[in-house]
Every structure is written in C-alpha cells, then in structure tokens.
Engineer: 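Input: one structure, supplied below.
First listed ligand is number 1; within each ligand, the first listed atom is number 1.
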Amino acid sequence: MRKLIAGNWKMNGLVSSQAEIEALKGLTGSATCDIVVCPPFTLIDRAVERARDSNLAIGAQDCHARQSGAHTGDVSAEMLANIGARYVILGHSERRVSHGEDDGIILAKAVAAHRAGLVAIVCVGETRHERDEGRAIEVVGGQLRESVPEGATSANLVIAYEPVWAIGTGLVPTNEQIEEVHAAIRQMLKERLGNDGQSVKILYGGSVKVSNAEAIFGLRNVDGALVGGASLKASEFAGIISAAI
Ligand SMILES: O=C[C@H](O)COP(=O)(O)O
C-alpha cells in the first residue's frame, strides 16, 4: 500500500514557517508516498497556496461537528474544505485530555469531515497505565468502535495509532508491540467496514524520528506515520519521508 506521512505541527508555526513548506516541496518532489502537513488554523490558507502544484496536501488538526452557528472560536469542516484543506486530524490525545473530547464527539466530527469531503485521520491509543494493565488492544478497539463512522471508506478514513505514553517522550513501543496493535486494528476495520477495511491506512505516531522511521515503516500493517515534533523542520521531516519510499 502507498504510504502516507502526515506532519502535525500542533500549536507551532508563525507566518515565517511557510519557509518550511517551501523547503519541504523542494526536498520531497520525487517522493512516492502521500505527504500531508497539518499546520495550525492560522497558517492553513497560506500553506495551501504554498503547496499548490506540489505533492503536498494540507490538513487541519481539528474541526467542529456542526457546519456553522454560534460556536465561538470553532472552525467547521466545511470552512476547512473551503480554503483547500484535504485532511483533518481528529481525536488526538492532546484534545481528548485537554478538551475533554470523548469518542462520541470524535465520531460526530468524523461524520462532519466526511460530509465536507475531508479525509478524517482518527487517532486512537492507550495510556501507559492501560498498557501496563494489558488493555492496549481492548482500549484501542473501543475507541475505534465508538469513533469510526458507519460507511467510512479507505478514501475518507485514516487511523493513527498513537500510544499516549509515546507522544513527545522519546519512548517508542517495540516493533512487536506496534505490529500487534496495528494487526488488531486491521482486523477490526475489516469487521466494521468489510473488504474496504483492508485498504484503510493505519499510521503509527509517537516519537517517530529519522533514526527509527525505516524500521517502523518495515512493519507489515504500518502504512505510514503521524509525526509531531520531527515534522517541524523540513529537513528532518523529509528524512522520515525518504524512509517511506
Ligand atoms: O500527532 C503527532 C503525535 O502526537 C506524535 O508527536 P511526536 O512525534 O512529537 O511524538
């Protein structure tokens, strides 16, 4: 399956950071994988312009479930599609924790993303405590069941497995642990979405770096990565992308 490498800039980036998009274009012109950059809302418009006529797609880091209305400070999926975003990250653990988002909210947002024609990158993953209790697959399975819309397809859904304890910590599960969870996600997607579940991309996220990318991308059910810190510098992100080619 063609790999997908997505960069989540989180709450980083000023107007001057457009230079990273420009540099990334230059460094990844011959890449044979799909590449997505998800800057903060404030830079999406500019990033779309910068990425025009390149193999980079631009995404957002969240959206509201409603199309419009009295929701101060929020941005709808339709607004994102309207300015040229093609992807939206949903259910990132930083939003689950700091904004109290539960699976029901994430499901509603994924439905909204699909309504607007966006690809939803739905994040799932267990905490350290849940892993230590041997419940990683059970937790991820519950999140998938409750937050993936009925009728989602490989054209509008990507799953990102991000163990919470691996995000921004430098800790990474063993290759066996990653493969075990990805294989379980693959099976659940097939059960839920039928044959098309086989083609939904499953990304790994959590402390992906140039030094570990190749080994992670070599795992059977890993179809790419959702990269945080290492996506902020074009040269570093391009190094990860080249490991996926
Ligand atoms: O969305 C990205 C993940 O939270 C991973 O972040 P990280 O690569 O900085 O660990």
Engineer: Once side-chain hydrogen bond (donor to acceptor under 3.5 Å, both in side chains) is applied, what residue pairs with a partner in residues 50-59 remain, sequence neighbours excluded?
Structural biologist: Q18-R50, E22-R50, E49-R52
Engineer: Using the side-chain contact (heavy atoms from CB on, under 4.5 Å) criterion, which residues pair with A230? Sequence neighbours excluded.
Structural biologist: V227, E236, I240
Engineer: Please tabulate protein-ligand N/O pairs under 3.5 Å for ligand 1, atom names and distances to 0.1 Å.
Structural biologist:
| unit_1 | atom_1 | unit_2 | atom_2 | d |
| --- | --- | --- | --- | --- |
| ligand 1 | 1 (O) | N8 | ND2 | 2.9 |
| ligand 1 | 1 (O) | H92 | NE2 | 3.1 |
| ligand 1 | 1 (O) | E162 | OE2 | 3.3 |
| ligand 1 | 4 (O) | K10 | NZ | 2.7 |
| ligand 1 | 4 (O) | H92 | NE2 | 2.7 |
| ligand 1 | 4 (O) | E162 | OE1 | 3.4 |
| ligand 1 | 6 (O) | K10 | NZ | 3.4 |
| ligand 1 | 8 (O) | G228 | N | 2.9 |
| ligand 1 | 9 (O) | G229 | N | 2.9 |
| ligand 1 | 10 (O) | G168 | N | 2.6 |
| ligand 1 | 10 (O) | S207 | N | 2.8 |

Engineer: For V75, enumerate each residue passing the side-chain contact (heavy atoms from CB on, under 4.5 Å) test, keeping only those at least two apart in sequence or located in another chain.
Structural biologist: F41, M79, L80
Engineer: Does K233 pair with E20 as a salt bridge, N-O distance under 4.0 Å?
Structural biologist: yes
Engineer: Judged by modelled atom types alone, do E130 and T127 share a side-chain donor-acceptor pair under 3.5 Å?
Structural biologist: yes
Engineer: With a 3.5 Å cut-off and no angle check, do the side chains of W9 and Q61 form a donor-acceptor pair?
Structural biologist: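 On atom types as modelled, these side chains do not qualify, holding no pair under 3.5 Å.
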